[in-house]
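Down below is the structure, laid out as structure tokens.
Model, not experiment: these values are computed from the prediction.
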Amino acid sequence: MMNAQDELNQIEATLHQLAQERERATQHMGSQADQLQRAADKFEQTLQAASEKIDDQLDRLNKLADANQQAGAGLSDDIAGDQQAIDEPPDFDGQITALQDKIDDINRTTIPDQQQALQPLLNEQKDQRHQQALLQDKLKDIVAQENEIAIKIRKAKNLHDMIAITADEQGNIDDLRNEREDLTGQIDDIKATLQDGQADINDVNKQIEAARDQIKTWDTQRGQLEEAKRRRPAQVARLKSHIAQLEKRQEELSKMADAIDRQRQKAQDTQNTLSAQMAAIQPLLNVLSKDVAGMDTLDSTKTKPVSPAAAVSSRPAASKPAPSRYHRAPVIPLPSTPVPAAPTSNDATARPSRQVTPPAVPVTGQRPAAIVFPMLPKDPAHITMFRAVVNHLLQAGEHQFRLYTTAYEEEDQNRLKRLLDGLHIEVSALTWTNMYTALRQTDRPAAAPAQLNLQPDWHTQPTPDNSTVEYLDSHNQLMARVQYRTTGQVRLVTYFNPGEAERRDFWDLAGHIAVTQSINTATGHVTNENFYRTDGTVVLIKEYSEGGEHIHVLDEQRNVVQELDSDAALAAWWLGENLPADSNVIAEANAGLMLSTALQERSDLQLVPILTAATAPRLWAEILGGQLTIPAAYVSDANLLAAAQTTLPGIDVSTL
């Protein structure tokens, strides 16, 4: 927008020019009727145009004031919220003590009571087994006696003796049979009693195990609370720093409101001056009209011109100078809302401030889901996690998915299809965008395919890997190694100087160099990486040193548009620029990503972290401390679920 003072200066110059034209019109009044008429019309039209220009300027100033008010709508609430988070910290000590009391109560009372209840059951089992052993011994004796009688009968010399012996032993046989049956019945009863007793023992053991599992869950929660307590001073310091920034923005908004009001008053004053000018020239127009009419009567053969007064009266009402629709308004304190601080000239990472407009998405009955993973999952744990997230969304009625990966990889639709196998979702229903692939895109024509930088005197040597070719110079020094895809396309070229790697070129599927790595031949470490668009221009520069990583994002004119200090910050910035509006962002619990300013500024997004035992502690502390606000989360196991349900009330937590 043109500076308001510059426009006012232009308007004043126009008024001065109009005054000069009026003088010239008056001087020519006596002899040049047509010119006089045109001058009068031009005078009026110029004033009218100036008035309309000021109306536009006032429109812009009012819109700027409205935008300033909207930008400041929530600053006070944010400051109050941060101050409340400082003044009303979570009762970490109380919660930790309460958990410890519960653990101690289980250790002192619940488990000992259950163990005490278990002992009589064990004693009873022991007694029953002893009784069973006695009965089994008796049963063995009876069986032995029966066997002796049977042997005695079998040893009879003839049938007559066998019958006689059987008759003599019949009473003993019957008694032994009855006793055996009685003992067998007693043993069966004891077995049933033992079985029932074992079931009771198992129940008590399960209760003891459940109590010990509860202790583990509470102990996990206690550890998370202690970690949150440890991080509390740092969180308070961040909150105070944030409050100071918000208060500074409040002051800037107030100054901006005053400046807008002053410019608006100047424009209104100029509009009033123009209105006075329009009123002042009306008598002159009337005089000019009469003079022109008199001149017309001196030469009746001429076509009678339309007088300025008649022209004014015949024009539509909208073309006449109208009273200004703007009035001087008192300065109203603007509601407070955070706005991005303007970059300073000495800020190395400064870039033009702009309003982030998220990509438009179709309006549906629910928020669209954006799934964020560093790479397309490969290991079983990440594959299980990814499939579980997609399955949850399918069960919730989601049918269109957006997957964003932020590490460098080639998009492999076949592998994605295998990942989705059995989930009742077509690959076409999932839009997969890789950050580096997206950054490399351009509307410009693609560059010519790359060529291998090989010298005529180099020769090849065999390698164990059929997909790799090595080139040696005339002194048999390794100069280049070319690795091919299964399709025969070049994937990676490493150049040596000589014997030590000094550069790597990664080629894309279209035969263009996508990334070049420079390598320190003394240490073997990568010192910088250049990422290229398909037209050959540099889009990304990464520099590595002992001080850390430094990333530059460049536009197509090689202007630096963003500077970052980590891959997580780069991913957060890119996601902040590209995630659809009003999305649920389901991402692995990377604290560097979740807590990044680039994503936090997208107030339309809802972050839904996937918490695992490895990633949960730090992010848990940030959530408890109020640094990160989330509506929902996924957890990887039942222990984390129990802990989350206790320590994160109001957050919808699901187990993957």
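- In the model, Thr405 has a side-chain atom that pairs as donor or acceptor with a side-chain atom of Trp432 under 3.5 Å.
- Between Arg415 and Glu409 there is a salt bridge, with a side-chain nitrogen of the basic residue lying less than 4.0 Å from a carboxylate oxygen of the acidic one.
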With side chain to side chain contact (heavy atoms under 4.5 Å, CB included) as the test, would you mind laying out the steps for Ile96 and Glu226 before giving the verdict?
CA-CA 7 Å; Ile96 292 171; Glu226 288 172 346; 3.5 Å; yes
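- Between the side chains of His130 and Asp127, not a single donor N or O lies within less than 3.5 Å of an accepting N or O.
- Taking each heavy atom of Leu570 and Met435 in turn, the nearest pair found is CD2-CE, 3.8 Å.
- Results of the side chain to side chain contact (heavy atoms under 4.5 Å, CB included) test with Ile586 over Val608, Val372, Leu403, Val390 single out Val608 as the only residue that passes.
- Counting heavy atoms from C-beta on, the side chains of Leu605 and Leu575 never come closer than 4.5 Å.
- Under 3.5 Å, the side chains of Gln170 and Asp174 contain a donor-acceptor pair of N or O atoms.
- The distance from atom CD of Gln125 to atom CD1 of Ile201, rounded to the nearest 0.5 Å, is 4.5 Å.
- The minimum heavy-atom distance linking Pro112 with Ile106 is given by the pair CD-O, 3.7 Å.
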Working for side chain to side chain contact (heavy atoms under 4.5 Å, CB included), residues Asp567 and Lys542:
CA-CA 9 Å; Asp567 286 338; Lys542 292 186 179 183; 2.8 Å; yes
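- In terms of modelled atom types and a separation under 3.5 Å, the side chain of Thr384 and the main chain of Pro380 share a donor-acceptor contact.
- By the 4.5 Å heavy-atom criterion applied to side chains, Leu656 and Asp637 are not counted as neighbours.
- With contacts defined as side-chain heavy-atom distances shorter than 4.5 Å, the pair Asp565/Ile551 does not qualify.
- One N or O on the side chain of Ser583 and one on the backbone of Pro580 form a donor-acceptor pair closer than 3.5 Å.
- A 4.5 Å side-chain heavy-atom check between Phe386 and Ile610 finds every atom pair outside the cut-off.
- Under the 3.5 Å distance criterion, with hydrogens and angles disregarded, no donor-acceptor pair is assigned to the side chains of Asn205 and Glu209.
- Between Trp218 and Leu99, the shortest heavy-atom contact is CD1-CD2, 3.7 Å.
- For the pair Leu579 and Tyr404, the tightest heavy-atom approach, listed with the atom from each and the gap, is CD2-CE1, 3.7 Å.
- Leu194 CG to Arg129 CZ: the interatomic distance, rounded to the nearest 0.5 Å, is 5.5 Å.
- Judged by distance alone, with hydrogens and angles left aside, the side-chain atoms of Asp652 form no donor-acceptor pair with the main-chain N or O of Ala632 at under 3.5 Å.
- The shortest side-chain heavy-atom distance between Arg485 and Leu509 falls under the 4.5 Å cut-off.
- For the residue pair Gln198 / Asn202, a side-chain donor-acceptor distance below 3.5 Å is found, with atom types taken as modelled.
- Counted by atom type alone, Asp465 and Thr463 present zero donor-acceptor pairs between their side chains at under 3.5 Å.
- Between the side chains of Asp91 and Gln95, no donor-acceptor pair is found at a separation under 3.5 Å.
- Checked by atom type, the side-chain pair Thr487/Gln489 shows a donor-acceptor distance below 3.5 Å.
- Looking at Asn434, its side chain never comes within 3.5 Å of a backbone N or O of Glu410 through a donor-acceptor pair.
- Here the OG1 atom belonging to Thr437 is positioned 7.5 Å from the OH atom belonging to Tyr408, to the nearest 0.5 angstrom.
- The salt bridge (Lys or Arg N to Asp or Glu O under 4.0 Å) check on Arg232 picks up nothing, with sequence neighbours excluded.
- Around the CD atom of Gln395, the shell of radius 6.0 Å holds more than 12 heavy atoms that belong to other residues, nucleotides or ligands.
- For the 3.5 Å distance criterion, the side chains of Gln221 and Thr217 fail to qualify, holding no donor opposite an acceptor.
- Between the Asp182 side chain and the Asn178 main chain, no donor and acceptor come within less than 3.5 Å of each other.
- Side-chain atoms of Thr220 come within 3.5 Å of backbone N or O of Lys216 as a donor-acceptor pair.
- Under the 4.5 Å side-chain criterion, counting only non-hydrogen atoms from C-beta, Ile383 is not in contact with Lys378.
- Gln119 and Gln115 are not linked by any side-chain donor-acceptor pair at a separation below 3.5 angstrom, with hydrogens and angles left out of the test.
- Leu607 places a side-chain heavy atom less than 4.5 Å from the side chain of Leu628.
- Inspection of the Glu529 and Tyr544 side chains reveals an N or O donor paired with an N or O acceptor under 3.5 Å.
- Looking at Glu588 and Pro374, their side chains come closer than 4.5 Å, going by heavy atoms from C-beta outward.
- Between Lys191 atom NZ and Gln132 atom CD the span is 6.5 Å, to the nearest 0.5 Å.
- Arg387 contributes a side-chain N or O that, together with a main-chain N or O of Leu419, makes up a donor-acceptor pair within less than 3.5 Å.
- Across all their heavy atoms, Leu225 and Phe92 have their closest contact at O-CD2, 3.9 Å.
- Using modelled atom types, no side-chain atom of Glu577 and backbone atom of Trp573 make a donor-acceptor pair closer than 3.5 Å.
- A donor-acceptor pair is defined here as one N or O able to donate and one able to accept, closer than 3.5 Å; such a pair exists between the side chain of Gln600 and the backbone of Met594.
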Test log, rule side chain to side chain contact (heavy atoms under 4.5 Å, CB included), inputs Tyr634 and Thr655:
CA-CA 6 Å; Tyr634 289 108; Thr655 306; over 6 Å; no
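- Under the 3.5 Å distance criterion, with hydrogens and angles disregarded, no donor-acceptor pair is assigned to the side chains of His392 and Glu398.
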Go through the steps for Asn578 and Arg402 under the test side chain to side chain contact (heavy atoms under 4.5 Å, CB included), then give the verdict.
CA-CA 11 Å; Asn578 290 278; Arg402 293 177 177 85; over 6 Å; no
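- Taking all atoms of both residues into account, the shortest heavy-atom contact from Arg481 to Thr468 is CG-CG2, 3.5 Å.
- Atom CD of Gln461 sits in a crowded spot, with more than 12 heavy atoms from other residues, nucleotides or ligands closer than 6.0 Å.
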